[in-house]
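Basis for what follows: all heavy atoms, side chains included, without hydrogens, waters or symmetry-related copies. All of these numbers come straight from a predicted model, not from anything done at the bench.
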Amino acid sequence: MAAAMRGLVVQGGGMRGIYSAGAMSALADAGLADSFSHIYASSSGAINAAYLMSGQTDFVAAGYAEHLNKASPFIRYWRLTKLVDIDYLVDSILKHPDFSLDVRAVVNSPTTLNIVVTDLQTAEAVEITSKDVAGWDASGQAFYELLRATSALPLFYGRAVEIAGGTYVDGGVSDAIPLLRAIAAGCTDITVVTTRNPGFRRTEKRGIKRILGSFLLSAYSKALRHQLLNEDLLFNKTMNLLQNPSELADKIQITWISPSDDSRLAGRTTRGRAKLWDCARMAREDVFRALGVSIAKINLLADVRQP
């Protein structure tokens, strides 16, 4: 019998991505960082996965809680054309000389990071891998632009990002939890980290939300407006599969890690330092619990490295 191919799927979600950041640090502490053949991710989930691959998970939760909190210029509600400054994230945090992401380590890793971005015109998911980037630029510097693209939230960031002849926005718009991609690639033992609880589903925008959303999205393509304003069928299908994986029979083993306590979960634009650190701790607790670590050991391991 062929050996199982291990995969990891990581959801983002703006500042809520600190949950998957905490999960990455726990997976690294459990000795699993190098165990995945393929990682599938979008948005901030892709950034977190990159830090797992580079061996820098000590930095990832701190990146949110210490450098993207309310004291930073990352989120400013009055800055209507760039409420969330993805350029600050990439150019001042991911490239910071004291704790920059080691992009060369990511693109040279034996693990393939498959990052989902969303085509600006068609709203279709496009998959670009760390191996693609390695082929374009051996230094790995182009990888930063891929992370900028998959994090380019429509409305919140205000612009799309060009990569290799395409123009893209946030990958979470088209495939927030790329589980089906991992399955299609042949992964048979898959760990899935979601930043939403098992009961969450995306719904169609109605009433004043739809009217306002349509107005604010008027500069975008019809396909992208439709994707953002209507029920996300792929997202809901993936969540349903995670809740009831019976159709996979015994062919695929899934370990699902999701927030155990919504009251501790950060939101898309949460900026409070204490709230962010607590969300990272919850993620670590959830990972260790999913891995079958004893309660006593969870209490020992669950803390994150907080300054």
Residue pair Leu228 / Pro154, side-chain heavy-atom distance below 4.5 Å: yes

Heavy-atom side-chain proximity of Leu265 to Arg16 below 4.5 angstrom: yes

Heavy-atom donor-acceptor pair, Thr195 side chain to Gly12 backbone, under 3.5 Å: yes

Under 3.5 Å donor-acceptor, Asp170 side chain and Val173 backbone: no

Carboxylate-amine/guanidinium proximity below 4.0 Å for Arg273 and Asp278: no

Stepwise side-chain contact (heavy atoms from CB on, under 4.5 Å) test for Val161 and Thr167: CA-CA 5 Å; Val161 178; Thr167 308; over 6 Å; no

Nearest heavy atoms of Gln56 and Ser54, plus distance in Å: OE1-OG, 2.6 Å

CG/Asn197: more than 12 non-hydrogen atoms of other groups inside 6.0 Å: yes

Separation between CG of Asp189 and CD1 of Ile252, rounded to the nearest 0.5 Å: 10.0 Å

Lys237 atom NZ, neighbour heavy-atom count above 12 within 6.0 Å: no

Interatomic distance, Asp87 atom CG to Arg159 atom CZ [nearest 0.5 angstrom]: 5.0 Å

Nearest non-hydrogen partners of Gln121 and Ala223, listed with the distance: O-CB, 3.5 Å

hydrophobic_cluster_shared for Val116 and Phe36, side chain cutoff 4.5 Å: no

is_close_aromatic(Phe74, His67), centroid dist under 6.0 Å: no

Any donor-acceptor N or O pair under 3.5 Å, side chains Trp277, Glu66: yes

Full working for side-chain contact (heavy atoms from CB on, under 4.5 Å) between Leu89 and Leu147: CA-CA 10 Å; Leu89 168 65; Leu147 295 181; over 6 Å; no

Nearest atoms (heavy-atom pairs only) where Leu229 meets Arg210: O-NH1, 3.2 Å

Sub-4.5 Å side-chain heavy-atom contact between Leu83 and Tyr157: no

For Ser260, side chain to side chain contact (heavy atoms under 4.5 Å, CB included) partners two or more places apart: Met282, Asp286, Arg289

Within 6.0 Å of NZ in Lys209, more than 12 heavy atoms from elsewhere: no

Pairing of Lys205 and Glu231 as salt bridge, 4.0 angstrom limit: no

Worked check of side-chain contact (heavy atoms from CB on, under 4.5 Å) between Leu224 and Val169: CA-CA 10 Å; Leu224 192 64; Val169 294; 4.2 Å; yes

Side-chain donor or acceptor of Ser35 paired with backbone N/O of Leu32 under 3.5 Å: yes

Between CG on residue Leu242 and OG1 on residue Thr255, distance to nearest 0.5 Å: 11.0 Å

From NZ (Lys275) to OG1 (Thr270), nearest 0.5 Å: 6.5 Å

Side chains of Ile190 and Arg6 in contact at under 4.5 Å (non-hydrogen atoms): no

Face-on cation placement of Lys82 at Phe156 ring, 6.0 Å and 45° thresholds: no

Heavy-atom side-chain proximity of Thr188 to Lys251 below 4.5 angstrom: no

Working for side-chain contact (heavy atoms from CB on, under 4.5 Å), residues Leu153 and Arg268: CA-CA 11 Å; Leu153 294 153; Arg268 183 177 289 276; 3.1 Å; yes

Donor-acceptor contact below 3.5 Å, side chain Ser44 vs main chain Gly13: yes

Minimum side-chain heavy-atom gap Ser151-Ile47 below 4.5 Å: yes

side-chain hydrogen bond (donor to acceptor under 3.5 Å, both in side chains) partners of residues 68-81, not counting sequence neighbours, each pair once: Tyr77-Thr269

CG-CG distance between Leu241 and Asn236, expressed to the nearest 0.5 angstrom: 12.5 Å

Test item: side-chain donor near acceptor, Ser25 and Arg284, under 3.5 Å: yes

Note, Arg271 side chain near Met15 side chain (heavy atom, < 4.5 Å): no

Electrostatic pair Asp232-Arg201, nearest N-O below 4.0 angstrom: no

Connected via hydrophobic side-chain network under 4.5 Å: Tyr220 and Phe215: yes

For His226, all residues meeting ring pair (Phe, Tyr, Trp, His ring centres under 6.0 Å), sequence neighbours excluded: none

Heavy-atom pair with the smallest gap, counting every atom of Ser20 and Gln11: OG-O, 3.0 Å

Which atom of Cys187 lies closest to which atom of Gly7, heavy atoms considered: SG-CA, 3.9 Å

Side chain Thr57, main chain Met24, donor-acceptor under 3.5 Å: no

Considering all heavy atoms, the nearest Ile39-Ala49 contact: CG2-CB, 3.7 Å

Distance (rounded to the nearest 0.5 Å) between Leu8 CG and Leu113 CG: 9.5 Å

Main-chain N/O of Gln141 paired with Ser139 side-chain donor or acceptor, under 3.5 Å: yes

Non-hydrogen side-chain atoms of Val193 and Tyr19 separated by less than 4.5 Å: yes

Backbone N/O of Thr112 and side chain of Asn114: donor-acceptor pair under 3.5 Å: yes

Stacked cation flag Arg202 on Phe235, 6.0 angstrom / 45 deg: yes

Test item: Asp132 side-chain N/O and Thr129 main-chain N/O as donor-acceptor pair under 3.5 Å: yes

